[in-house]
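Report on the following structure.
Throughout, protein chains are lettered first and strands after them, A, B, ... in sequence-line order, and every chain is numbered starting at 1.
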There are 2 protein chains.
Amino acid sequence: MTSIAKVSGPDGKRAQTKAANRQAILAAARQVFARIGFDATTVRDIIRETDLAAGTFYNYFRSKEEVFEAIANESARRFRPMLQMVREKAQSFEEYIQAAYGAYFTFLQTENEDAISSGAPHMALIGVRVDTPEMHAIFDEIRMDLEQVAQTANISLEDSEYLTAAAIGIARELGDHMLQRRPVDVENAARFATTLLLDGVTGLARQPN
Amino acid sequence: MTSIAKVSGPDGKRAQTKAANRQAILAAARQVFARIGFDATTVRDIIRETDLAAGTFYNYFRSKEEVFEAIANESARRFRPMLQMVREKAQSFEEYIQAAYGAYFTFLQTENEDAISSGAPHMALIGVRVDTPEMHAIFDEIRMDLEQVAQTANISLEDSEYLTAAAIGIARELGDHMLQRRPVDVENAARFATTLLLDGVTGLARQPN
DNA sequence: ATCGACGCTTACGCGAACGTCAATTTCACG
DNA sequence: CGTGAAATTGACGTTCGCGTAAGCGTCGAT
């Protein structure tokens, strides 16, 4: 009969350092990716930012790609609950849009806090142009939200895919520019995006005469 | 006294093949970048797609980065005249927006003709996320156009940088999705983007009741 | 027809990053 | 403690792409 070894609980020292190491690698990777970009980054660059040895990296990830995926997934995992809160709380189309942009821009600011405070110029920001399943899931989620919330508001959307794409495009590009400004004006960016999406230029611009 | 050698005109055989080779390399690079992505591409990959030898590459470019830059610049060089035509012809704010989106989406379709007709699934499309001086120049150009055309239309833009960013964000993201659809619906995408930018969701959605 | 210059080719050495693995340290459990 | 399993270390060999340069063929001027 096979004796099943009684293993230390999830709070044994072994498990603790294992989790700590994993987190250390992820944190280091964020740093390096942000500093020199994903392409230029090597596994060694990442591990050098930790107090671990080269070989240890491979106990946790197979490649830098896998690290990147983990980071992206983690970001998505952190963002989705926020989106869900927005969805649950929103009482109108407008509220949903407003809150969603607010959530995204806040999230973006938080994720890039280090990069912002270090004031590094032209830093490559994490999260640009990822094309993972997680990202597609978020796209679909937003799309369904829009359809749902539009229906409730008795608005008919002619092409929810395009609308979603446009809304996300605004978020992405505006987000980039928002992060360049000091101080970072989350509120303003969210308000701008919301107004634009809802009313277009007509809403943004008051006819002066 | 230094004798200045009389050199063959620009249509000598030497010059011809030189231009042809350069074009061959650029074309090959487009192919490979599109197929396996910029990062994964090696100089050898590019040269293998031509009938040239490895060393010849370095007679024309110093690195794959330089090739990429050349491609991006060429794209920009081809696009900017279109934008200028739009600017000159446009008689109103609306016309400018409409024509600009039309020009961009048409351009995008043309640039990706090969990728589209080959029907390769999920192909990485050239032109995504470039951050060259050329691109910044185009951004500024559009921004100034918007300010100009808004002033003419007696509209005051509160934040032309954000507006430009949003307009470009819409173009980028919508463009990606447009390219995924068969047939590629340039007209529809341009109309969608224009309406959205001008009137927002209010313009896109007719209240059904 | 000759000859010099230009440009293409091929093969080579270099350096960087990779992934592994034997030796070593650390931890869990009796 | 003592022992075995688990995890870490860091040096090592391998692979891969790069850029160069000597050799060779081709073009063009006289």
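- One atom, CD of B:Gln16, and another, C1' of D:dG28, lie 14 Å apart when rounded to the nearest Å.
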- Item | Verdict with reasoning, A:Arg48 to A:Asp45, per salt bridge (charged side-chain N to carboxylate O under 4.0 Å, His left out) | CA-CA 5 Å; A:Arg48 201 175 299 125; A:Asp45 289 336; 3.0 Å; yes
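- A:Tyr58 is linked by a ring-ring contact (aromatic ring centres under 6.0 Å, His included) to nothing, counting only residues two or more places apart in sequence or in another chain.
- Scanning both residues, B:Met82 and B:Phe107, for their nearest heavy atoms gives CE-CD1, 3.7 Å.
- Looking at every heavy atom in both residues, B:Arg22 comes nearest to B:Ala70 through NH2-CB, 4.1 Å.
- Contact annotation: B:Asn21 side-chain N/O to C:dC8 OP1/OP2 distance is under 4.0 Å.
- For A:Asp185, the side chain to side chain donor-acceptor pair (under 3.5 Å) partners at least two apart in sequence or on another chain are A:Asn188, B:Tyr162.
- Legend: residues meeting side chain to side chain contact (heavy atoms under 4.5 Å, CB included) with B:Thr152, ordered by chain and number and at least two apart, are B:Gln148.
- The minimum heavy-atom distance linking B:Ile46 with B:Ile25 is given by the pair CG2-O, 3.8 Å.
- For the segment residues 45-66 of chain B, residues with any heavy atom less than 4.0 angstrom from an atom of DNA chain D are, sorted by number, B:Gly55, B:Tyr58, B:Arg62.
- With sequence neighbours excluded, the residues satisfying side chain to side chain contact (heavy atoms under 4.5 Å, CB included) with B:Glu88 are B:Gln84.
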At a cut-off of 3.5 Å, list every protein nitrogen or oxygen paired with a nitrogen or oxygen from nucleotides 23-26 of chain C, distance to 0.1 Å.
| unit_1 | atom_1 | unit_2 | atom_2 | d |
| --- | --- | --- | --- | --- |
| C:dT26 | O2 | A:Arg14 | NH2 | 2.8 |

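- Between the NZ atom of B:Lys18 and the P atom of C:dG7 there is a distance of 4 Å, given to the nearest Å.
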